[in-house]
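Single-structure report; data block below.
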Amino acid sequence: MLAVPDETREEEVLACVVLHDDTARDAMAEMLFGHCYAQLAYFKAPGWIYFTDALPTTGTQKIQKHEIFPAGTDPRMLPGMFDLRERKKRDTRQAGG
């Protein structure tokens with residue numbers, strides 16, 4: 001998970017995911033978002049999802065977040081980025097109502 005700039009919320013969650021099979025990325029993005037949105041506070045669910053073949057790691061397998069995208073690149077504009085921000089809504093229902 002990374003934080004990326006967002007015009008509405010100041011920062012938004014970007015999830016970088018490595019798939020181990022040829023699952024349809026559109027369907028997987030929807031399923032992943034749905035799971036996160038149901039289990040987490042709405043603001044913690046990823047507004048952006050990016051599927052990649054691998055994540056850069058150190059010798060101790062710690063993910064090197066600063067090496068996922070080239071320096072100076074806005075990852076939100078890359079091809080293959082899924083923008084799910086419109087699906088994030090604060091639950092405004094009152095308890096018991």
With side chains defined as the heavy atoms from C-beta onward, is the minimum distance between [X] and [Y] less than 4.5 Å?
X   : Y   : value
T52 : V18 : yes
L84 : W48 : no
K89 : Y37 : yes
Q64 : T58 : yes
L14 : P46 : no

Query raised in the report: What closest approach, in Å, do P75 and M81 show between heavy atoms, and which atom pair accounts for it?
Result: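 Closest approach of P75 to M81: O-CE, 2.8 Å.
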
Report task. Could you name each residue pair satisfying ring pair (Phe, Tyr, Trp, His ring centres under 6.0 Å) that touches residues 53-78, not counting sequence neighbours? Result ->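 Residue pairs with at least one partner in residues 53-78: Y50-F69.
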
Would you say [X] and [Y] are hydrophobically clustered, going by side-chain heavy atoms of ILVMFWY under 4.5 Å?
X   : Y   : result
F51 : V4  : no
I63 : V17 : no
M28 : I49 : yes

Under the side chain to side chain contact (heavy atoms under 4.5 Å, CB included) rule, collect the residues that match up with [X], sequence neighbours excluded.
X   : result
D6  : T8, R9, E12, R85
T73 : P70, L78
L40 : C36, K44
A27 : A24

Query raised in the report: Any salt bridge (Lys or Arg N to Asp or Glu O under 4.0 Å) pairs touching residues 60-75, not counting sequence neighbours?
Result: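 Every salt bridge (Lys or Arg N to Asp or Glu O under 4.0 Å) pair that includes a residue of residues 60-75, provided the two are not neighbours, is D74-R76.
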
Query raised in the report: Which pairs count as salt bridge (Lys or Arg N to Asp or Glu O under 4.0 Å) when at least one residue sits in residues 13-41, sequence neighbours excluded?
Result: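 Passing the test, one end in residues 13-41: R25-D53, E30-R87.
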
Requested in this report: If you link ILVMFWY side chains whenever their heavy atoms are less than 4.5 Å apart, which other residues fall into the same cluster as M1? By chain and number, please.
Outcome: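 Via sub-4.5 Å side-chain contacts, M1 links to V13.
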
Query - Distance in Å, I68 CD1 paired with L55 CG, rounded so as to fall on 0.5 Å steps - result: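 Answer rounded to 0.5 Å: 5.0 Å.
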
